[in-house]
Amino acid sequence: MHPSRTALIVATVTVAFIPVLHAQYGLTEKLFVSAGRIEMQLGAGSYTIRPASDTHIRVTIGDNSPRARVALTANATRATVAVTETPSTNFQATIEVPKTSDLIVRLSGGNLVISGITGNKDIDSVAGNAEISIGDANEYASMEATVKVGDLNVGAFTGAKTEDSFGLLHRANWSGKGRYKLRANLGAGNLVLRK
């Protein structure tokens, strides 16, 4: 076989296997800045969002989800993370972001745990459980939380005003002197705001 043809075949085979290896190892990452804004569109599954040890955004998907897709973009102070084609059961992912980040999270369903992130948080989930560790409540200017069907625990915000409608729609709000805002909305499930 001609050497140039052999090189072309090897290059084609190598390129063809890159997506498979990427999905198999399950890691997508990009350099980002501290105190930037990160918007996430997350397919159904269980997610943990936690601080990275540096200024990277890293998305690690479980080994049992080779078909799940991650799209990650970062430009100046804004980034987007999209996780799609998640399986209907047992999907897990860990998303690491700079410790100081503003988060906008839209989850189509499943469980969400956020801890150790300083900044504004705007969270919407259709169904499932969400646990958000807020750190020091004094860093916040406001908190608004809603659960349509399920339980709401905002114990991290002492003195928060709470109300419910016929045991179904639970709401809570709180005002402080900090700089950050927290808004969390859950369709069905349990929402917990922890210190």
Could you walk me through whether Met40 and Leu103 pass the side chain to side chain contact (heavy atoms under 4.5 Å, CB included) test, one step at a time? CA-CA 8 Å; Met40 302 183 189; Leu103 300 178; 4.0 Å; yes
Pairwise side-chain contact, Thr146 with Leu169, heavy-atom cut-off 4.5 Å (strictly under): yes
From Lys121 atom NZ to Tyr140 atom OH, the distance as rounded to the nearest 0.5 Å: 3.0 Å
Between Arg69 and Glu85, which heavy-atom pair has the shortest distance, and what is it? CG-OE2, 3.8 Å
Can you get from Val192 to Ile134 by hopping between Ile, Leu, Val, Met, Phe, Trp and Tyr side chains that sit under 4.5 Å apart? no
Any non-hydrogen side-chain atom of Ile117 less than 4.5 Å from a side-chain atom of Pro51? yes
Evaluate Ile132 against Ile123 for side chain to side chain contact (heavy atoms under 4.5 Å, CB included), listing each step before the verdict. CA-CA 10 Å; Ile132 304 169; Ile123 314 298; 3.9 Å; yes
With heavy-atom distances below 4.5 Å as the criterion, would you say the side chains of Ile114 and Tyr47 are in contact? no
Ala141 and Gly178: which non-hydrogen atoms are nearest, and at how many Å? CB-O, 3.3 Å
Measure across Gly43 and Ser108 and return the closest heavy-atom pair with its distance rounded to 0.1 Å. C-OG, 3.4 Å
How long is the span from the CG atom in Asp151 to the CG atom in Leu191, to the nearest 0.5 Å? 10.0 Å
Taking ring pair (Phe, Tyr, Trp, His ring centres under 6.0 Å) as the test, write out the residues that go with Phe32, two or more places apart. none
Donor-acceptor pair, Lys30 side chain versus Thr73 backbone, under 3.5 Å? no
Report the C-alpha distance between Glu96 and Arg50 in whole Å, list the side-chain angles of each, state the deciding distance to 0.1 Å, and finish with yes or no for salt bridge (charged side-chain N to carboxylate O under 4.0 Å, His left out). CA-CA 5 Å; Glu96 295 175 292; Arg50 65 186 187 197; 3.6 Å; yes
For Arg106, is there an ion pair with Asp122 - N to carboxylate O distance below 4.0 angstrom? yes
May I ask you to decide whether Arg179 forms a salt bridge with Glu139, counting only side-chain N to carboxylate O separations under 4.0 Å? no
Separation of Lys177 NZ from Asn138 CG (nearest 0.5 Å): 9.5 Å
pair Val59-Val81: side-chain heavy atoms closer than 4.5 Å: yes
Pair Ile38-Thr80, side chain to side chain contact (heavy atoms under 4.5 Å, CB included): steps then yes or no: CA-CA 6 Å; Ile38 305 169; Thr80 62; over 6 Å; no
Locate the shortest heavy-atom distance separating Ala156 from Ala137; write the atom from each residue and the value. O-CB, 3.6 Å
So CD of Glu131 and OG1 of Thr48: to nearest 0.5 Å the spacing works out to 9.5 Å
Is Asp124 salt-bridged to Arg183, going by a charged N under 4.0 Å from an acidic O? yes
In short, Leu193 meets Ala145 closest at the heavy-atom pair CD1-CB, 4.4 Å
Closest approach of Val147 to Gly189 (non-hydrogen atoms, all atoms of both residues): CG1-O, 3.4 Å
Tell me which one of Thr94, Thr86, Asn111, Leu112 satisfies side-chain contact (heavy atoms from CB on, under 4.5 Å) with Ser46. Asn111
Could you tell me whether the side chains of Ser175 and Ser142 share a donor-acceptor contact shorter than 3.5 Å? no
With rounding to the nearest 0.5 Å, note down the distance linking OG in Ser165 to NE2 in His170. 9.0 Å
Arg171 atom CZ, over 12 foreign heavy atoms within 6.0 Å: no
Hey, can you tell me if Trp174 and Phe157 have their rings parallel, tilted or perpendicular (30° and 60° cut-offs)? tilted
When you compare the side chain of Ile57 with that of Pro98, does any pair of heavy atoms fall below 4.5 Å? yes
Cluster link Leu182 to Tyr180, ILVMFWY, side chain under 4.5 Å: yes
Interatomic spacing from OG1 in Thr28 to CG in Leu72 - rounded to 0.5 Å: 7.0 Å
Salt-bridge present (Glu39, Arg37; N to O < 4.0 Å): yes
State yes or no: do Leu152 and Val113 share one hydrophobic cluster built from I, L, V, M, F, W and Y residues joined by side-chain heavy-atom distances below 4.5 Å, directly or via other members? no
Under 3.5 Å, is there a donor-acceptor pair between the side chain of Asn190 and the main chain of Asn129? no
For Thr162 and Val154: C-alpha separation, side-chain torsions, deciding distance, then whether side chain to side chain contact (heavy atoms under 4.5 Å, CB included) applies. CA-CA 9 Å; Thr162 60; Val154 294; 4.1 Å; yes
State which residues pass side chain to side chain donor-acceptor pair (under 3.5 Å) with Asn120; sequence neighbours excluded, sorted by chain then number. Asp102
